[in-house]
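In what follows, a structure is listed as structure tokens, so that the remarks can point back to it.
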Amino acid sequence: MSVIAGVFGALPPHRYSQSEITDQIVQFPALQEHEGIVRRLHAAAKVDSRHFVLPLAEYASLTDFTQTNEIFIEHAVDLGCEALLGALEEAGLQPQDIDMIASTTVTGIAVPSLDARIAGRLGLRPDVRRVPLFGLGCAAGAGEWLG
């Protein structure tokens, strides 16, 4: 029987208030005419702040999916490794002790999947079970348990 023996949060380095993010996003040409809707949506989310892998001002220059997705993969794997190593340290375990790794995202697409990349980078056992959840949106974890 597998158990969750440790938990560790890893966040991207750039933290911004929701109002800073909103002010930046409504400057995008495609969203300028929808400023009121964007502001109401962001306010209704009841989120105080968010973390980003890049400085907020750099997102306006990302116009190509390939470039954006490569940035996503690089940082998602780094953060996944950081979170997994932190959880292992908390539990007093080693990468070889892991029976299963699950990952979920709504940010980008990775083939091989994020969990496969993390498993390879950290030297998890070849028989580790990997559960890449994709396409379930923000409720992916709940979707798996409720299914």
Side-chain angles (χ1 to χ4, degrees), residues 2 4 6-35 37-39 41-91 93-145 147:
S2 295
I4 298 174
V7 176
F8 184 86
L11 296 170
H14 305 283
R15 182 176 182 223
Y16 297 95
S17 70
Q18 185 67 33
S19 62
E20 289 175 290
I21 297 163
T22 304
D23 290 344
Q24 185 78 27
I25 286 177
V26 297
Q27 299 304 311
F28 287 15
L31 295 177
Q32 287 177 348
E33 67 182 84
H34 305 290
E35 180 175 350
I37 294 170
V38 172
R39 289 190 183 281
L41 177 67
H42 280 208
K46 304 293 184 197
V47 172
D48 293 326
S49 63
R50 298 178 190 265
H51 291 82
F52 291 80
V53 298
L54 301 175
L56 189 56
E58 290 185 26
Y59 285 89
S61 66
L62 300 176
T63 58
D64 176 77
F65 176 78
T66 300
Q67 173 199 24
T68 304
N69 202 60
E70 287 172 0
I71 292 168
F72 154 73
I73 291 171
E74 173 190 346
H75 291 278
V77 172
D78 288 347
L79 287 166
C81 288
E82 180 184 344
L84 184 54
L85 289 172
L88 287 169
E89 184 177 330
E90 178 181 296
L93 298 171
Q94 298 298 313
Q96 300 78 19
D97 297 323
I98 294 177
D99 295 320
M100 185 196 81
I101 180 174
S103 64
T104 185
T105 183
V106 296
T107 305
I109 300 169
V111 177
S113 60
L114 297 177
D115 53 284
R117 293 167 189 258
I118 292 167
R121 184 183 291 180
L122 297 183
L124 304 187
R125 296 188 327 258
D127 68 336
V128 70
R129 290 185 180 199
R130 297 183 298 102
V131 183
L133 302 171
F134 181 78
L136 295 175
C138 295
E144 183 64 22
W145 293 108

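For Glu89, the side chain to side chain contact (heavy atoms under 4.5 Å, CB included) test picks out no residue, with sequence neighbours left out. His42 pairs by the side-chain hydrogen bond (donor to acceptor under 3.5 Å, both in side chains) definition with Gln18, Thr22, not counting sequence neighbours. Applying the side chain to side chain contact (heavy atoms under 4.5 Å, CB included) test to Ala43 and every residue at least two apart in sequence or in another chain returns nothing. Under the rule for a side chain to side chain contact (heavy atoms under 4.5 Å, CB included), the partners of Thr107 that lie at least two apart in sequence or sit in another chain are Phe72, Thr105. Scanning for side chain to side chain contact (heavy atoms under 4.5 Å, CB included) contacts around Leu11 gives His51, with sequence neighbours left out. Applying the ring pair (Phe, Tyr, Trp, His ring centres under 6.0 Å) test to Phe28 and every residue at least two apart in sequence or in another chain returns nothing. Not a single ring pair (Phe, Tyr, Trp, His ring centres under 6.0 Å) links Phe8 to another residue, sequence neighbours left out.
Identified under the salt bridge (charged side-chain N to carboxylate O under 4.0 Å, His left out) test for residues 16-34, with sequence neighbours left out: Asp23-Arg39. Residues in residues 51-62 take part in no salt bridge (charged side-chain N to carboxylate O under 4.0 Å, His left out) pair, two or more places apart or across chains. Among pairs with a residue in residues 109-129, those fulfilling side chain to side chain donor-acceptor pair (under 3.5 Å) read Asp78-Arg121, Asp99-Arg125, Ser103-Asp115, Ser113-Asp115, Ser113-Arg130, Asp115-Arg130, Arg125-Asp127, at least two apart in sequence or across chains. The list of side chain to side chain donor-acceptor pair (under 3.5 Å) pairs with a residue in residues 60-74, not counting sequence neighbours, is empty.
Inter-residue side-chain proximity for Ile71 and Leu62 is flagged as met; some heavy-atom pair is nearer than 4.5 Å. A 4.5 Å side-chain heavy-atom check between Leu122 and Leu88 finds every atom pair outside the cut-off. Side-chain contact between Ile21 and Arg50: present, with at least one pair of heavy atoms (C-beta onward) separated by less than 4.5 Å. Between Val131 and Ile101 the shortest side-chain heavy-atom distance does not fall below 4.5 Å. The closest side-chain heavy-atom distance from Leu31 to Val26 is not below 4.5 Å.
Shortest non-hydrogen contact noted between Ala91 and Gly6 is CB-N, 4.1 Å. The two residues Ile109 and Phe65 come nearest to each other via the heavy atoms CD1-CZ, 4.2 Å.
One N or O on the side chain of Gln32 and one on the backbone of Gln27 form a donor-acceptor pair closer than 3.5 Å. The main-chain N or O of Ser49 is never found under 3.5 Å from a side-chain atom of Tyr16 such that the two would form a donor-acceptor pair.
Atom CG of residue Leu56 and atom NE2 of residue His14 lie 10.0 Å apart, to the nearest 0.5 angstrom. Atoms CG and CG, from Leu93 and Leu85 in turn, are 12.0 Å apart once rounded to the nearest 0.5 Å.
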